Amino acid sequence: MTMPMSDPNAWATAMNNLGMPPMGMTGQPLIPDFDPNLGMMAGITPMNPMMPGLGMVPAPLSQDVPVVKEIIHCKSCTLFPPNPNLPPPATRERPPGCKTVFVGGLPENATEQLIMEVFGQCGDITAIRKSKKNFCHIRFAEEFTVDKALFLSGYRIRLGSSTDKKDTGRLHVDFAQARDDLYEWECRQRMLAREERHRRKMEEDRLRPPSPPPIVHFSEHECSQLGDKIKDDGKFPEAVRVLLTWLERGEVNRRNANNFYSMIQSSNSHIRRLMSEKSQHEKEMEEAKDKFKTALAGILAQFEQIVSVFQAASKQKAWDHFSKAQRKNLDMWRKQAEEIRNMHNEQLMGIRREEEMEMSDDDMEDAPDSKDSEDSGVSQAEALKEENDSLRCQLDAYRNEVELLKQEQGKNQPIRSEEDNTHSQQLSFLQQALQGMQKQLLKMRDELKQREAELEKSLEDKEQLKNQVQTLKEGLHNLQNIQAMRVSLTENIHVHMLGLLKMMKVKNPSCFSRIISTFLHVHPFGASIEYICSYLQRLDTKINPCEVEALLSRLPCTFRQELTGVGASLEKRWNFCGFQGIKST
């Protein structure tokens with residue numbers, strides 16, 4: 001960075017105060033016989049201003065290293081650094097993508113040319129917006145140049161050698177928020193996001209599994225070739241996929257139905273091959289399991305022999321002849337062998353339990369799915385019985401093992417107390433396991449009895465429900481028959497009365513009262529006077545409602561008028577009450 005120097009003596013004095021050798025902008029020493037010990041500011045490491053990265057504005061340093069600001073001489077002004085003991089000037093939060101700075105405290109006589117001269121050395125300036133109130137906004141071309149401009153915050157500026165107030169000022173540089181900076185930053189972020197999405201898409205495309213090969217279109221030639229491929233065991237998977245695609249596309253019609261049928265038949269013929277392969281693999285797996293189980297049993301037998309060797313060596317006849325170190329090693333080896341023996345024994349027992357569970361699962365799968373609740377209860381009872389038997393067998397095995405341990409302990413009475421403690425602990429563990437198995441066996445028996453009682457109770461409840469349903473069906477059938485008989489009888493009476501009146505052709509009040517009584521008896525909820533007149537007008541068209549109502553009013557013991565409904569739906573109905581007096585008496 002080039003910077004004209006109008007006063008070499010002031011420049012040399014400032015560099016002498018900082019403890020640096022005064023050098024010109026071209027790298028030539030200003031004072032040949034300079035002594036660095038004559039500097040006025042002790043404790044500051046001498047630095048060369050012409051080093052890379054150090055110019056008028058040095059590169060940002062870490063917080064631990066003190067930043068030394070110098071006097072800056074420009075063509076039209078001079079910048080004096082602030083007091084190093086003062087705190088750094090406050091700045092606002094940096095906006096995203098900030099390229100614009102606010103510069104306050106400018107001299108009143110400052111011009112844009114002066115601002116360009118001072119801040120142009122920080123970087124390329126794209127725009128300067130100067131105000132009449134001694135401040136301006138400067139927009140740089142790059143973001144990192146803003147940090148260089150902030151370095152000048154706090155400097156005192158003086159135009160030339162004038163001491164006038166209008167020619168001096170204290171610079172305050174801070175971040176400024178501009179729409180152009182934010183827009184460019186958002187555009188850059190969107191571009192980075194697009195690049196990231198493109199990179200992820202390329203990565204996904206690279207990691208995506210390859211697409212399956214395309215399916216050929218149907219034709220007679222392809223169909224004949226596919227029929228041959230389906231019959232081949234090696235090409236069957238690919239051929240059956242093509243056949244499935246053709247069927248889903250709807251390529252079947254009457255002309256090629258026989259070809260498709262033959263291909264489907266060929267596909268069906270592979271089921272037997274696949275089942276045989278499956279059975280062969282299962283057989284190999286079973287053979288491998290048997291081989292592993294046999295080998296494990298042989299290993300376990302050898303471990304038993306090794307443990308018996310250690311037990312024989314622990315007896316008094318041989319134990320007394322070993323040294324203390326040998327006894328210690330023998331005891332440690334015996335414990336290790338017993339632990340390994342127990343671990344292999346548990347593994348073998350686990351394999352046997354898995355085989356028993358697989359056999360029980362196969363038995364449950366063979367049972368038909370359409371069983372009733374009674375059958376499921378019976379199967380559960382049988383399963384509980386089988387589990388009870390297996391627990392009983394395990395209990396007997398534990399008992400035999402305890403008896404063998406007791407016999408062995410009675411025959412071989414070891415002298416050492418440690419062996420006695422071990423045997424006593426084993427006996428206590430076995431006794432606890434035996435007690436737990438007995439409790440579990442009793443619990444399983446109680447549960448089995450409870451299940452059997454619940455099964456018997458459910459059977460009895462089912463029989464009672466069947467009887468009740470049968471009784472209800474019979475009662476419903478009888479009720480339907482009675483209702484049908486009543487309806488038919490009422491219709492016959494009605495028809496008979498109409499025929500009798502037509503034959504009589506007389507207008508007798510007593511006869512009309514009988515007809516009305518029969519009619520109202522058929523209508524237990526009553527009928528209106530209009531409905532009754534419409535019925536009587538079949539016999540005599542000259543009958544009017546007034547006469548009928550007068551007739552009904554003269555017989556209050558036989559007919560009674562009632563009001564039904566509310567408000568606008570209020571209606572008068574006549575009911576037959578001739579049998580009520582008889583019922584009450």
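We count residues from 1, following the sequence as given. Keep in mind that this is a model prediction, so the values were computed, not measured.
The side-chain heavy atoms of P96 and L182, taken from C-beta on, include a pair separated by under 4.5 Å. Counting heavy atoms from C-beta on, the side chains of D232 and K229 never come closer than 4.5 Å. Between M263 and L226, the closest side-chain pair of non-hydrogen atoms falls below 4.5 Å. Counting only heavy atoms from C-beta outward, the side chains of R341 and L300 approach each other to under 4.5 Å. Between K293 and L348 the shortest side-chain heavy-atom distance falls below 4.5 Å. Using a 4.5 Å heavy-atom threshold, the side chains of T100 and Q177 count as separate. Contact of the P107 side chain with the T168 side chain is not registered, since no non-hydrogen atoms from C-beta on lie closer than 4.5 Å. Side-chain contact between I157 and R170: absent, with no pair of heavy atoms (C-beta onward) separated by less than 4.5 Å.
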For this session: With salt bridge (charged side-chain N to carboxylate O under 4.0 Å, His left out) as the test, would you mind laying out the steps for R199 and E196 before giving the verdict?
Result: CA-CA 5 Å; R199 186 188 63 78; E196 180 67 18; 2.3 Å; yes

Problem set entry | Working for salt bridge (charged side-chain N to carboxylate O under 4.0 Å, His left out), residues R273 and D233 | CA-CA 9 Å; R273 176 181 63 83; D233 296 344; 3.4 Å; yes

For this session: Would you please test Q189 and W185 for side-chain contact (heavy atoms from CB on, under 4.5 Å) and show each step?
Result: CA-CA 6 Å; Q189 294 298 319; W185 180 79; 3.2 Å; yes

Exercise. Yes or no on salt bridge (charged side-chain N to carboxylate O under 4.0 Å, His left out) for E108 and K165, after CA distance, side-chain angles and deciding distance?
Worked result: CA-CA 8 Å; E108 293 184 7; K165 186 176 181 181; over 6 Å; no

Problem set entry | Test log, rule side-chain contact (heavy atoms from CB on, under 4.5 Å), inputs E184 and K99 | CA-CA 10 Å; E184 290 181 2; K99 296 182 182 180; 2.9 Å; yes

Exercise. Between R451 and E447, does a salt bridge (charged side-chain N to carboxylate O under 4.0 Å, His left out) hold up when you go through it step by step?
Worked result: CA-CA 6 Å; R451 291 289 181 85; E447 188 175 357; 3.6 Å; yes

For this session: Please assess H270 against V240 for the test side-chain contact (heavy atoms from CB on, under 4.5 Å), listing each intermediate value before the final yes or no.
Result: CA-CA 11 Å; H270 285 274; V240 77; over 6 Å; no

For this session: Take E142 and T145 through the side-chain contact (heavy atoms from CB on, under 4.5 Å) test and state the conclusion after the steps.
Result: CA-CA 6 Å; E142 301 294 339; T145 55; 4.3 Å; yes

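To the nearest 0.5 Å, atoms NZ (K148) and CZ (F140) are separated by 10.0 Å. Put simply, CD on E203 and NE2 on H198 are 11.5 Å apart, with the number rounded to the nearest 0.5 Å. For the atom pair W333 CH2 and K328 NZ, the distance stands at 12.5 Å (nearest 0.5 Å). Atom CG of L114 is separated from atom SG of C74 by 8.0 Å, given to the nearest 0.5 angstrom. Going from atom CZ of R200 over to atom CZ of R197 covers 9.5 Å, rounded to the nearest 0.5 Å. Within the model, atoms CZ of R249 and CG of L244 stand 10.5 Å from one another, a figure rounded to the nearest 0.5 Å.
Side chains of T91 and D174: no donor on one and acceptor on the other come within 3.5 Å. Side-chain atoms of N256 and N253 form a donor-acceptor pair, as typed in the model, at a separation below 3.5 Å. Using modelled atom types and a 3.5 Å distance limit, the side chains of H281 and E277 yield no donor-acceptor pair.
Between R188 and E143 there is a salt bridge, since a side-chain N of the basic residue sits under 4.0 Å from a carboxylate O of the acidic one. Of the charged side-chain nitrogens involved, none lies within less than 4.0 Å of a carboxylate oxygen, so that K443 and D446 do not count as a salt-bridged pair.
Here the shortest heavy-atom pairing between G160 and T78 reads O-OG1, 4.4 Å. Listed here is the closest heavy atom pair of A110 and L159: N-CD1, 4.4 Å. Nearest heavy atoms, C223 versus N259: SG-CB, 3.7 Å. Nearest heavy atom pair, residue G97 against residue D181, reads O-CB, 3.2 Å. For the residue pair I230 and S266, the shortest heavy atom distance occurs at CG2-CB, 3.6 Å. The shortest non-hydrogen separation linking I306 to A337 is CG2-CB, 4.4 Å.
Between the side chain of S153 and the main chain of L150, no donor-acceptor pair closer than 3.5 Å is present. Checked by atom type and distance alone, the side chain of E222 never pairs as donor or acceptor with a backbone atom of V216 at under 3.5 Å. Here the side chain of N342 pairs a donor or acceptor atom with the backbone of E338 at under 3.5 angstrom. Of the possible donor and acceptor atoms, none in the side chain of D124 sits under 3.5 Å from a partner among the backbone N and O of A141. With hydrogens and angles ignored, the 3.5 Å screen pairs a side-chain donor or acceptor of T126 with a backbone N or O of R139.
Within a 6.0 Å radius of CD in E238, other residues, nucleotides and ligands contribute 12 heavy atoms or fewer. Other residues, nucleotides and ligands contribute only 12 or fewer heavy atoms inside 6.0 Å of the CD atom of E93. Within 6.0 Å of CE in M275 there are 12 or fewer heavy atoms belonging to other residues, nucleotides or ligands. Atom NZ of K130 has more than 12 heavy atoms from other residues, nucleotides or ligands within 6.0 Å. The 12-atom threshold is exceeded at CZ of R190, counting heavy atoms of other residues, nucleotides or ligands nearer than 6.0 Å. Heavy atoms from other residues, nucleotides or ligands lying under 6.0 Å from CE of M202 number 12 at most. More than 12 heavy atoms of other shown residues, nucleotides or ligands fall within 6.0 angstrom of atom CD in E454.
For an aromatic pair to be called close, the ring centres must be under 6.0 Å apart, and F175 with F102 fails this.
A cation-pi contact links K69 to F151, judged by a cut-off of 6.0 Å to the six-membered ring centre and 45° from its axis.
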